[in-house]
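Here's the structure we're looking at; comments come further down.
These numbers come from a predicted model, not from an experiment. In what follows, chains carry the letters A, B, and so on, assigned in the order in which the sequence lines appear, proteins first and then strands, with residues in each chain numbered from 1.
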Amino acid sequence: MSKTALVVDDSPSLRQMVVFTLKQAGFSVLEGGNGREGIDQLRGQRVELIITDLNMPVMDGFEFVKHVRTLPSYKFTPILILTTESQAAKRQEGKAAGATGWLVKPFNPEQVLQVVSKVCP
Amino acid sequence: MDPEPISRVEMCAPPHLALHGTVDIFLARELLELAKRALDGEGDVRVDCRELERLDTSALQILLALQRQLAEHSRALQLLLVNEQVGAFLGFGGATGLLRESEAKLELAPASGEPALIEGETAGVDAERSDPLDGGWSDADDLCERERPDSGVVPLPDESELTRVDGEDE
């Protein structure tokens with residue numbers, strides 16, 4: 001049975017690229033256009049990997065990560081932040097929120113898969 | 001050995017575009033502007049890729065956003081004369097639908113303004129890519145870090161900017 005990933009980004013075209021990349025690695029993929037939609041997607045699902053953008057409407061990536069970490073089922077689920085932000089302070093904020101990893105756009109699909117294989121073997 | 005093409009993007013017989021060299025985040029702003037102009041035009045948008053050597057995901061994101069918005073108006077985006085490397089990248093990014101079928105013939109005006117009849121053909125799409133883009137990750141149990149180049153980097157334009165061309169507010 002394939003693992004399930006959740007991709008949260010307000011850009012449909014960015015999601016399209018990430019989703020395709022993950023599907024090539026054998027994941028089933030759920031999608032959300034912001035943090036709130038991401039949380040909705042987690043309900044009743046078993047998700048083994050989450051990749052999220054930071055700057056999104058309704059609920060941003062930091063709030064999303066913090067919320068996910070309050071869910072007992074997702075306390076240790078790998079969460080990768082995929083964002084245009086690269087400042088150290090932002091990364092630190094992401095780490096404090098509970099993120100597992102940080103990747104700056106534009107992303108390299110191969111490297112995404114390399115990292116995914118590390119955090120979600 | 002052919003000289004390396006100067007990396008650039010250009011409007012070529014509007015609404016058609018031409019991409020040259022490496023089209024990545026350093027040219028994303030220019031590509032976005034041309035994409036907006038292409039949206040303002042009529043008919044399908046064709047992209048001459050015969051001198052395109054490499055794309056990154058920032059450029060591909062713009063092309064996918066353009067494709068999405070063109071489709072809303074029953075228009076199409078087609079990439080022509082894609083080399084094997086770019087074709088492989090499109091395959092890896094799930095964008096092979098942008099590739100124009102091999103039977104296509106297209107009239108495009110090159111930079112000189114002289115029309116040219118081009119045999120459209122697309123390269124095979126492989127799952128493997130030969131040149132990983134720059135970037136790196138730290139250990140998986142820590143925050144993963146990748147620094148962008150220091151100079152000349154513009155924030156990745158998001159497709160909402162493209163959307164605004166259509167008169168929609170964010």
Side-chain angles (χ1 to χ4, degrees), chain A residues 9-25 29 33 49 51 53 55-57 65 76 78-88 90-121, chain B residues 23-26 28 35 55-69 71 77 88-98 127-150 153-163 170:
Chain A
D9 197 300
D10 58 333
S11 165
S13 46
L14 193 288
R15 288 203 310 271
Q16 178 179 343
M17 292 188 290
V18 177
V19 166
F20 188 86
T21 298
L22 292 174
K23 284 184 174 178
Q24 283 195 312
V29 187
L49 170 71
I51 297 180
D53 187 19
N55 300 311
M56 298 179 288
V65 173
F76 302 108
I79 303 177
L80 303 176
I81 292 178
L82 179 58
T83 177
T84 56
E85 304 282 358
S86 61
Q87 302 97 318
K90 289 282 188 181
R91 290 199 297 267
Q92 193 56 42
E93 191 175 353
K95 187 173 186 178
T100 310
W102 187 282
L103 180 63
V104 177
K105 299 173 186 174
F107 73 98
N108 175 344
E110 288 181 333
Q111 287 184 324
V112 167
L113 293 184
Q114 288 174 7
V115 172
V116 167
S117 69
K118 287 182 181 177
V119 300
C120 194
Chain B
V23 177
D24 57 14
I25 193 167
F26 293 100
L55 280 175
D56 77 350
T57 49
S58 65
L60 181 55
Q61 183 180 356
I62 292 170
L63 293 174
L64 289 170
L66 177 59
Q67 179 196 35
R68 189 180 303 272
Q69 294 198 29
L77 176 67
F89 179 70
L90 293 175
F92 214 84
T96 52
L98 295 178
E128 298 292 330
R129 287 179 53 219
S130 58
D131 75 325
L133 301 178
D134 295 337
W137 286 83
S138 67
D139 292 339
D141 58 353
D142 198 351
L143 281 187
C144 304
E145 300 178 0
R146 183 194 159 206
E147 296 291 348
R148 282 187 287 180
D150 292 331
V153 176
V154 296
L156 178 67
D158 63 33
E159 61 193 86
S160 61
E161 294 185 60
L162 212 53
T163 304
E170 281 186 294

*How long is the gap from CG on A:L14 to CD1 on B:I62, to the nearest 0.5 Å?*
11.5 Å
*asked:* Return the CE to CG distance between A:M17 and B:L90, rounded to the nearest 0.5 Å.
replied: 11.0 Å
*Flag the pair A:S11 / B:Q61 as yes when at least one side-chain heavy-atom distance between them is below 4.5 Å, and no otherwise.*
yes
*Would a 4.5 Å heavy-atom cut-off, applied to side chains only, mark B:T57 and A:P109 as touching?*
yes
*If every non-hydrogen atom of B:S58 is compared with every non-hydrogen atom of A:P106, which pair is closest and at what distance?*
N-CB, 3.5 Å
*What are the two closest heavy atoms between A:S13 and B:R68, and how far apart are they?*
N-NH2, 3.5 Å
*Would you mind checking which part of A:L82 comes under 4.5 Å of any heavy atom in chain B, side chain (CB onward), backbone (N, CA, C, O), both or neither?*
neither
